[in-house]
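Since the structure comes first, as structure tokens, the remarks are kept for the end.
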Amino acid sequence: MRTCHCVSQQQPVTMAGVGFRRWALAVSKGKGSGISALLSGSRAASGVSKDNEVGPCPTTPEEMAAAARKYMMRVEDYKPYSDNGEGYGDYPQLPDRSQHERDPWYQWDHPDLRRNWGEPLHWDFDMYTRNRVDTSAAPVAWSTMCKQLFGFLGFMLFMFYMGEKFPCYQPVAPKQYPYNNLHLERGGDPEKQPEEVKHYEI
Amino acid sequence: MADYREAPLATQPKTLDPNEYFHVSTKMRQAENQRAALRANLKLQYQTQLNNPHRRELIEDPALTRWVHARGNSYPNFRPTFKTSLLGAMFGVVPLVFFYYVFKTDRDAREKQIQDGTLKRKFSLSS
């Protein structure tokens, strides 16, 4: 409750200071949005209703039951994330299963998402869609997959490294120009006899 | 498929789970029935709205609204613990500092080489 915060942090200040402190606390702790919240300290009517908000992590069985009812789950199925300050609140921790694994033949309300209307979404739902992460059964054993992938990568890395160490290329020589190494074209004296350059050996 | 082994990131399909076939207790059946009842209730709500001929607006999904709100408003439930502070530092502070030092040293060495005239400008498509 917001008033509890104010009461517990009382300090000897002026009346104006108290009023300002309360307003600042209300703005920072309040769940408002926009100018209306800043001015009046209340929430806008758009957005989530008070019942559907994410609350703090439930501790007592009554809170767990209320949260399960809010998220439309069975009380036994409802399991919140552990309260370690990571920001989950009372959002349920659903099994980390991708939408790939869901029955393709059942008549889902949203067939592309394989989800029914009103069903609680996984926290990482957008990661587990059918375009993205797939947690379903792999056709080949895990060890085989690891060996194949890392074997191939390791082999390619090793071969590229050896290629860098021992380069292998066509033998090349400096380019050979005709007319005594292009004596006239290089601005040589036409009267002077250039030195004979022989590029062959018989 | 009988020798299929489960692995991290590769789950066991429900049809291969022996508990589905052998150890089915009354409690499990009751649980499944309750889940089916919840599902049927939600289906009824959805189908009523879907097939309503006078409906002109989109059908709002409260589960989706809750999910969006939860994902966007995780700060009220945030608490600086050892783990969260470490994660914040690792993702926010360390890359800045690390890349600053990496780029600075690399560029200073390159500048020094240019000044000394020892920089070899090789023809390379990648850098």
Side-chain angles (χ1 to χ4, degrees), chain A residues 29-31 33 47-49 51-57 70-77 81 83-92 95-98 100-103 107-110 115-126 133-143 145-146, chain B residues 1 3-17 27-28 30-50 58-88:
Chain A
K29 297 266 191 249
K31 302 196 169 60
S33 56
V48 182
S49 62
D51 314 324
N52 273 343
E53 275 176 357
V54 174
C57 191
K70 176 171 79 169
Y71 290 107
M72 312 247 223
M73 300 171 72
R74 281 176 71 234
V75 180
E76 296 83 3
D77 290 341
Y81 284 94
D83 191 16
N84 51 9
E86 284 180 354
Y88 291 111
D90 65 357
Y91 201 83
D96 291 337
R97 296 272 181 271
S98 149
H100 288 88
E101 291 190 29
R102 301 220 175 173
D103 189 357
Q107 294 273 27
W108 301 101
D109 291 337
H110 305 293
R115 185 186 158 262
N116 282 322
W117 184 87
E119 189 190 320
L121 292 103
H122 193 283
W123 183 270
D124 293 317
F125 176 76
D126 47 354
V133 170
D134 181 4
T135 59
S136 57
V140 183
W142 190 255
S143 55
M145 287 201 283
C146 282
Chain B
M1 260 292 188
D3 54 352
Y4 173 82
R5 294 254 176 292
E6 205 179 50
L9 305 176
T11 57
Q12 191 181 48
K14 207 150 178 257
T15 43
L16 283 184
D17 188 6
K27 266 190 79 172
M28 272 176 68
Q30 275 177 352
E32 284 295 329
N33 281 341
Q34 283 171 354
R35 282 186 212 122
L38 273 172
R39 231 177 299 140
N41 183 16
L42 289 171
K43 277 261 190 205
L44 178 69
Q45 285 182 35
Y46 180 63
Q47 291 290 335
T48 322
Q49 284 180 295
L50 187 66
L58 284 174
I59 304 176
E60 184 203 334
D61 189 350
L64 188 65
T65 325
R66 264 178 254 126
W67 178 72
V68 171
H69 176 84
R71 284 279 292 251
N73 297 57
S74 54
Y75 182 65
N77 292 311
F78 172 79
R79 230 177 38 239
T81 65
F82 171 73
K83 184 174 168 196
T84 53
S85 317
L86 187 69
L87 279 172

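Side-chain atoms are counted along with the backbone in the values below, which use heavy atoms only and exclude waters and symmetry mates.
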Legend entry - Distance in Å, R66(B) CZ paired with D90(A) CG, rounded so as to fall on 0.5 Å steps: 10.0 Å
Inset, instruction - Name the region of L38(B), side chain, backbone, both or neither, that has any atom closer than 4.5 Å to a heavy atom of chain A. - result: side chain
Legend entry - Closest approach of T84(B) to N84(A) (non-hydrogen atoms, all atoms of both residues): CG2-O, 4.2 Å
Inset, instruction - Select one option (side chain, backbone, both, neither) describing which atoms of L64(B) are under 4.5 Å from chain A's heavy atoms. - result: both
Inset, instruction - Before giving the answer on side-chain contact (heavy atoms from CB on, under 4.5 Å), spell out for E86(A) and T81(B) the whole-Å C-alpha distance, their side-chain angles and the decisive distance to 0.1 Å. - result: CA-CA 9 Å; E86(A) 284 180 354; T81(B) 65; over 6 Å; no
Inset, instruction - Identify the heavy atoms of W117(A) and Q45(B) that sit nearest to each other, and give their distance. - result: CZ3-OE1, 3.4 Å
Inset, instruction - Indicate the atoms forming the closest heavy-atom contact of E119(A) with A63(B), along with that distance. - result: O-CB, 3.3 Å
Inset, instruction - Output the option from P56(A), G85(A), S98(A), P120(A) having the highest count of non-hydrogen pairs under 4.5 Å with chain B. - result: G85(A)
Legend entry - Part of M73(A) lying under 4.5 Å from any heavy atom of chain B: backbone
Inset, instruction - Please name the pair of heavy atoms, one in P62(B) and one in N52(A), separated by the smallest distance, quoted to 0.1 Å. - result: CB-ND2, 4.1 Å
Legend entry - Residue pair L42(B) / N116(A), side-chain heavy-atom distance below 4.5 Å: no
Legend entry - Heavy-atom contact with chain A under 4.5 Å, split by part of Q49(B): side chain
Inset, instruction - Measure up the F125(A) and W67(B) rings against each other and bin them: parallel (under 30°), tilted (30 to 60°), perpendicular (over 60°). - result: perpendicular
Legend entry - Atom of D61(B), atom of G118(A) and distance for their closest heavy-atom approach: OD1-N, 3.2 Å
Legend entry - Heavy-atom pair count under 4.5 Å with chain B, highest-scoring of S143(A), S136(A), A141(A): S136(A)
Legend entry - Residue T65(B) versus chain A: region with a heavy atom under 4.5 Å: both
Legend entry - Contacting region of T11(B) [heavy-atom separation from chain A under 4.5 Å]: both
Legend entry - E101(A)/K14(B) salt bridge by N-O under 4.0 Å criterion: no
Inset, instruction - Could you tell me which portion of H110(A) (side chain, backbone, both or neither) has an atom closer than 4.5 angstrom to a non-hydrogen atom of chain B? - result: side chain
Legend entry - Closest non-hydrogen atom pair between A70(B) and Y91(A), with its separation: CB-CD1, 3.6 Å
Legend entry - CG/L58(B): more than 12 non-hydrogen atoms of other groups inside 6.0 Å: no
Legend entry - Distance (rounded to the nearest 0.5 Å) between D126(A) CG and R71(B) CZ: 4.5 Å
Inset, instruction - Quick one: which of T135(A), D96(A), V133(A), D103(A) has the most heavy-atom pairs under 4.5 Å with chain B, could you say? - result: T135(A)
Inset, instruction - With a 4.5 angstrom heavy-atom cut-off, could you sort out which part of Y75(B) is near chain A: side chain, backbone, both or neither? - result: neither
Legend entry - Spacing of Q30(B) atom CD and E76(A) atom CD [to the nearest 0.5 Å]: 10.0 Å
Legend entry - Lys/Arg N to Asp/Glu carboxylate O, R79(B) vs D83(A), below 4.0 Å: yes
